[in-house]
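One is the number of the first residue; the rest follow in order along the sequence. Just so it is clear, the structure is predicted and the values come from calculations on it, not from any experiment. When a ligand or atom number is given, it counts from 1 through the structure's own listing order.
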Amino acid sequence: MSREGRPLWIIGPGRAGLSLALMLHGAGALAGLTLTGRWDEPARLKLLRDRGLRPRYTLRVADGAAPPPRGVLIAVPDGAIAPVALELLQAGSLPSLTPVLHLSGSAGLQPLLPLAEAGHPVGVLHPLCPLPDAVRGSSRLRGAWYGVAGEGKAGEMARWIVRLAGGREIPLREGEMALYHAAASLASNGVVALLSAAGRAMNRAGVPEEDARAAVAALAAASARDVAEQGPAQGLTGPVVRGDEETVARHLTRLSGPERDLYCLLGKEALEIARDRGLDAAVAERLERALADPA
Ligand SMILES: NC(=O)c1ccc[n+]([C@@H]2O[C@H](COP(=O)([O-])OP(=O)(O)OC[C@H]3O[C@@H](n4cnc5c(N)ncnc54)[C@H](OP(=O)(O)O)[C@@H]3O)[C@@H](O)[C@H]2O)c1
């Protein structure tokens with residue numbers, strides 16, 4: 001049962017909203033759930049029903065406030081947060097002091113300002129993990145990191161969810177959320193883009209596509225673990241940190257286009273780490289020149 005025995009209200013029955021719903025259901029924390037969408041009940045709600053979660057589904061924001069929710073999660077795409085917040089306010093049916101959170105890592109509190117001005121505690125709960133669908137998403141949410149912002153009851157509600165997930169909280173600073181989210185995108189979408197380029201190059205070297213994809217992903221996962229456990233300085237291996245100019249030159253003879261650009265850009269970042277680890281200055285300078293030479 002939820003702490004207050006009141007239902008949670010999630011607006012936006014998409015990937016993030018349904019993942020959170022299933023995670024909270026699995027944690028035994030839902031006294032009830034209202035879901036609000038734009039169209040007739042989507043077929044993907046069957047995933048929830050199959051797992052014993054039977055939400056009340058509404059099409060109109062105005063219908064979601066009864067029974068009074070313990071809190072609202074706005075789980076719509078970033079650009080729709082402000083219009084939905086306004087709709088909530090104009091419906092006038094949300095009991096005062098009900099906390100309202102959105103799930104965006106970059107939008108900040110601005111889109112919720114009209115609700116804050118009307119006295120609602122507002123905040124952010126940003127799951128720092130990819131949520132591709134409700135089932136994989138709900139399991140990813142357990143033990144994940146969460147960006148959290150919001151004072152009073154909004155912060156309390158966000159932290160309540162983080163605790164139920166067995167997760168860890170990153171306090172977010174208003175004004176720095178775009179930078180926080182850019183860092184998250186580098187680590188998530190950036191790695192996907194990098195693995196796409198690496199897999200393509202390995203495939204061109206004669207490795208079957210599926211094997212190449214699995215091999216580069218396994219390699220990246222091991223490197224990510226090393227960085228998590230030891231930090232980038234100790235986690236870095238490879239020719240740049242060894243000062244192996246011949247190998248870097250050999251790589252560059254076979255790389256072109258975006259793969260070469262990526263290799264050089266990331267090589268320069270690796271070179272900074274190598275310098276900090278004491279790479280010989282003359283070797284570092286020659287490597288820098290080699291990496292500065294695009295295709
Ligand atoms: N997915 C992730 O990996 C992830 C991770 C962390 C944070 N987030 C955040 O979570 C939020 C939602 O993202 P998402 O990935 O879940 O997007 P999504 O899968 O596209 O789901 C958004 C849902 O909101 C619905 N919607 C849009 N406008 C609406 C409105 N005016 N009223 C009611 N429902 C409306 C959409 O309806 P339709 O089905 O009709 O389009 C859809 O069901 C975003 O702020 C995103 O930044 C997502």
Quiz: residues 199-206 side-chain donor-acceptor pairs under 3.5 angstrom, not counting sequence neighbours:
from: Arg200; atom 1: NE; to: Glu259; atom 2: OE2; distance (Å): 2.8
from: Arg200; atom 1: NH2; to: Glu259; atom 2: OE2; distance (Å): 3.1
from: Asn203; atom 1: ND2; to: Val207; atom 2: O; distance (Å): 2.8
from: Arg204; atom 1: NH1; to: Glu259; atom 2: OE1; distance (Å): 3.2
from: Arg204; atom 1: NH1; to: Glu259; atom 2: OE2; distance (Å): 3.4
from: Arg204; atom 1: NH2; to: Glu259; atom 2: OE1; distance (Å): 2.8

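The atoms of ligand 1 that sit less than 4.0 Å from any heavy atom of Ala75 are 12 (C), 22 (C), 23 (C), 24 (O). For ligand 1, the atoms sitting less than 4.0 Å from at least one non-hydrogen atom of Pro77 are 22 (C), 24 (O), 27 (C), numbered in the order shown with element in parentheses. Interface atoms of ligand 1 facing Pro13, defined by a heavy-atom separation under 4.0 Å, are 43 (O). For ligand 1, the atoms lying closer than 4.0 Å to a non-hydrogen atom of Ser104 are 45 (O), 47 (O). Atoms of ligand 1 found under 4.0 Å from any heavy atom of Cys129, numbered from 1 in the order shown, are 3 (O), 5 (C). Set against the non-hydrogen atoms of Arg44, the atoms of ligand 1 under 4.0 Å away are 39 (O), 43 (O). Annotation for ligand 1: atoms under 4.0 Å from non-hydrogen atoms of Pro130 are 3 (O).
Annotation: atom 11 (C) of ligand 1 to nearest protein heavy atom, Val76 O, 3.4 Å. In terms of protein heavy-atom proximity, atom 45 (O) of ligand 1 is closest to Asp78 OD1, 2.6 Å. Scanning the protein heavy atoms around atom 10 (O) of ligand 1, the nearest turns out to be Ala16 CB, 3.4 Å. Looking only at heavy atoms of the protein, atom 8 (N) of ligand 1 is closest to Leu103 O, 3.9 Å.
The shortest N or O to N or O distance between Arg15 and ligand 1 is below 3.5 Å. Not a single N or O atom of Glu87, backbone or side chain, sits closer than 3.5 Å to an N or O atom of ligand 1.
With a heavy-atom cut-off of 4.0 Å, Val84 touches ligand 1 through its side chain alone. Contacts between His102 and ligand 1 below 4.0 angstrom, taking non-hydrogen atoms only, are absent altogether.
Cluster partners of Ile81, by chain and number: Trp9, Ile11, Val61, Val72, Ile74, Val76, Val84, Leu88, Leu89, Leu94, Val100, Leu109, Leu112, Leu115, Val122, Val124, Leu128, Trp145, Ile170, Leu172, Met177, Tyr180. The rule joins Ile, Leu, Val, Met, Phe, Trp and Tyr whenever side-chain heavy atoms lie under 4.5 Å apart.
Although no hydrogens or angles enter the test, the distance criterion places no donor-acceptor pair under 3.5 Å between the side chain of Arg140 and the main chain of Pro132.
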